[in-house]
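Note: hydrogens, waters and symmetry copies are ignored here, and every other heavy atom, side chains too, is used.
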Amino acid sequence: KSAVVAVHEKSRHMFRCRAEIDSKGHGGFGGSKDSAVERLSRFITEVSDKKDKIYKGTFYPEVRATFERHVPYMAFPMNVLFGNIGLFAPVIKKIMMGIPAASAMLSTGLSFTTITAGDTRDPQIKAKAAESTLFLRCVREEDLYEGLKTIRKIGEKYGVTVEEIARDYCQPTDFQGEAYKTVEALLHENFPDVAVVPFLLTAGTDARHFTDVADNILRFAPIDLSKKQFATIHAADEHIGIENIGQCVVFYKDLIQKM
């Protein structure tokens, strides 16, 4: 078993992608080959087709540590592969980038979530503007903004502007630091039969809202879940056992005494 302590979670960045064009009259006249909708559609298609080149996979420190600290418990050949990530990184990345859940640990996620244009009450009138929301989730902001340069260049080609409208980024916690090592030591004391490893959470938690006031944010619940209990998370009959409550009480009492 593993006690995975999430030292970081992926961000949420949203961008308004907008195409505008001077268009007049009825959509059935003129036979124009250019429109705001078509420009935006071509932009979305090209960005989507090139997203794996815009945002390439990287073994971030916390992701690398997750695998390396599991190596002693892995069987052959996984122990050889992940025990030598530096050597086998190209092969491992290629495999992981083809698996959505694994790819999310290595790269910035990119998706267009909404698209709007024109007046639905009179769809014959050609839309003068079209907008789409680009949703990006990164591990490191510098990678996101570097890739955004390419996205904006594609936008220039189609007359599409890309404007940031929401930013929700949480700084990663140093898993070599004192705060993490304190929790790590307590976990070894309270759960001596588990491996303790740092982890990147690809989902999201409310803990990210503390990033401006806390130097260390550790996302973890000291609950030893069975496979059956784990399967109920965010599903029907989600539950923990009575003994799990006792585990939590003991762990947090010990943590408070260490602080």
Side-chain angles (χ1 to χ4, degrees), residues 6 8-23 27 32-60 62-63 93-94 96-120 123 125-172 200-209 211-212 217 219 234:
H8 191 29
E9 64 181 77
K10 295 189 76 171
S11 73
R12 295 165 176 77
H13 289 69
M14 289 191 290
F15 298 83
R16 180 187 295 112
C17 305
R18 181 177 176 86
E20 292 186 62
I21 194 167
D22 290 331
S23 59
S32 173
K33 295 182 180 180
D34 191 20
S35 72
V37 172
E38 290 168 330
R39 285 188 181 189
L40 185 62
S41 297
R42 289 194 290 267
F43 164 76
I44 291 173
T45 298
E46 183 167 343
V47 171
S48 298
D49 287 344
K50 294 181 176 179
K51 64 181 179 180
D52 290 340
K53 294 181 179 179
I54 297 172
Y55 293 113
K56 300 177 182 179
T58 300
F59 273 106
Y60 295 96
E62 56 270 31
V63 175
K93 280 198 294 185
K94 185 174 182 180
M96 290 182 66
M97 289 299 287
I99 305 171
S103 174
M105 300 174 70
L106 304 182
S107 180
T108 295
L110 182 158
S111 61
F112 290 92
T113 56
T114 67
I115 186 166
T116 57
D119 188 343
T120 57
I125 302 300
K126 187 179 294 185
K128 294 182 178 181
E131 290 186 359
S132 179
T133 302
L134 171 61
F135 184 42
L136 298 177
R137 299 199 65 207
C138 70
V139 182
R140 296 290 190 273
E141 272 195 317
E142 55 266 32
D143 293 339
L144 181 146
Y145 289 120
E146 185 62 31
L148 191 64
K149 294 177 183 177
T150 300
I151 294 173
R152 284 186 164 135
K153 284 182 179 178
I154 296 172
E156 290 173 4
K157 186 182 357 179
Y158 299 111
V160 175
T161 59
V162 181
E163 174 193 3
E164 187 167 30
I165 55 176
R167 172 186 176 271
D168 191 355
Y169 181 73
C170 184
Q171 292 292 339
L200 167 68
L201 187 67
T202 55
T205 71
D206 288 336
R208 68 185 186 277
H209 298 305
T211 191
D212 292 331
I217 301 174
R219 305 152 188 83
H234 298 323

Next item on the list: Indicate yes or no for a side-chain donor-acceptor contact from Thr133 to the backbone of Thr114 under 3.5 Å, with no hydrogens or angles considered.
Entry: no

Next item on the list: Calculate, to the nearest 0.5 Å, the distance between atoms OG1 and CD belonging to Thr108 and Glu146 respectively.
Entry: 11.0 Å

Note to self: Between Ser132 and Phe43, does the side chain to side chain contact (heavy atoms under 4.5 Å, CB included) criterion hold? Intermediate values first, please.
What the structure shows: CA-CA 10 Å; Ser132 179; Phe43 164 76; over 6 Å; no

Next item on the list: Considering non-hydrogen atoms only, spot the tightest contact between Tyr145 and Phe15 and give its length.
Entry: CE2-CZ, 4.5 Å

Notebook entry, point to check: When you look at Ile217 and Arg208, which way does the side chain to side chain contact (heavy atoms under 4.5 Å, CB included) test go after all the steps?
Noted result: CA-CA 8 Å; Ile217 301 174; Arg208 68 185 186 277; over 6 Å; no

Note to self: I'd like to know if the side chain of Glu9 reaches the main chain of Thr205, judged simply by a donor and an acceptor atom lying under 3.5 Å from each other, with no hydrogens or angles considered.
What the structure shows: yes

Notebook entry, point to check: For Glu163 and Arg18, what are the C-alpha separation, side-chain angles and deciding distance, and is it a salt bridge (charged side-chain N to carboxylate O under 4.0 Å, His left out)?
Noted result: CA-CA 8 Å; Glu163 174 193 3; Arg18 181 177 176 86; over 6 Å; no

Next item on the list: Please confirm whether the backbone N or O of Lys10 pairs with a side-chain atom of Arg137, one donor and one acceptor, at under 3.5 Å?
Entry: yes

Note to self: Taking Ala6's backbone N and O only, do any of them form a donor-acceptor pair with Arg219's side chain (distance below 3.5 Å, no angle check)?
What the structure shows: yes

Item checked: Nearest-0.5 Å distance, CD1 of residue Ile125 to OG1 of residue Thr120 -> 13.0 Å

Note to self: Could you measure the distance from the NZ atom of Lys50 to the OG1 atom of Thr150? Nearest 0.5 Å is fine.
What the structure shows: 9.0 Å

Item checked: Pairwise distance CD(Glu141) to CG(Leu136) - rounded to 0.5 angstrom -> 11.0 Å

Next item on the list: Using a cut-off of 6.0 Å, state whether more than 12 heavy atoms not belonging to Lys56 lie near its atom NZ.
Entry: no

Check: Is the His13 ring parallel, tilted or perpendicular to the Tyr169 ring (thresholds 30°, 60°)?
Finding: tilted

Item checked: Shortest non-hydrogen contact from Leu200 toward Ala104 -> CD2-O, 4.5 Å

Next item on the list: Please round to the nearest 0.5 Å and tell me the distance separating atom CG of Leu144 and atom CD of Glu164.
Entry: 7.5 Å

Check: What is the minimum heavy-atom distance between Ile21 and Ala127, and which atoms define it?
Finding: CG2-O, 4.3 Å

Notebook entry, point to check: Which is it for Glu62 and Val139 under the side chain to side chain contact (heavy atoms under 4.5 Å, CB included) test, yes or no, and what are the steps along the way?
Noted result: CA-CA 10 Å; Glu62 56 270 31; Val139 182; 3.8 Å; yes

Next item on the list: Could you check Asp119 against Lys128 for salt bridge (charged side-chain N to carboxylate O under 4.0 Å, His left out), going step by step and ending with a plain yes or no?
Entry: CA-CA 10 Å; Asp119 188 343; Lys128 294 182 178 181; over 6 Å; no

Next item on the list: Please step through side chain to side chain contact (heavy atoms under 4.5 Å, CB included) for the pair Tyr60 and His8, ending with a clear verdict.
Entry: CA-CA 11 Å; Tyr60 295 96; His8 191 29; over 6 Å; no

Check: What are the two closest heavy atoms between Tyr55 and Asp143, and how far apart are they?
Finding: CE2-O, 3.3 Å

Notebook entry, point to check: Would you say Arg140's side chain and Cys138's backbone share a donor-acceptor pair under 3.5 angstrom?
Noted result: no

Checklist line | Where Leu110 and Val47 come nearest, the two heavy atoms and their spacing | finding: CD1-CG1, 3.8 Å

Next item on the list: Without swapping roles, check the side chain of Lys126 against the backbone of Ser35 for a donor-acceptor pair under 3.5 Å.
Entry: no

Margin query: Using a 3.5 Å distance criterion without hydrogens, assess whether the side chain of Arg152 forms a donor-acceptor pair with backbone atoms of Lys149.
Written below: no

Margin query: How long is the straight-line distance from CD1 of Ile151 back to NZ of Lys51, given to the nearest 0.5 Å?
Written below: 11.0 Å

Check: Which atom names give the shortest non-hydrogen contact between Met97 and Ser107, and what distance separates them?
Finding: CE-CB, 3.9 Å

Check: When you measure from the side chain of Ser41 to the backbone N and O of Val37, does any donor-acceptor pair fall under 3.5 Å?
Finding: yes

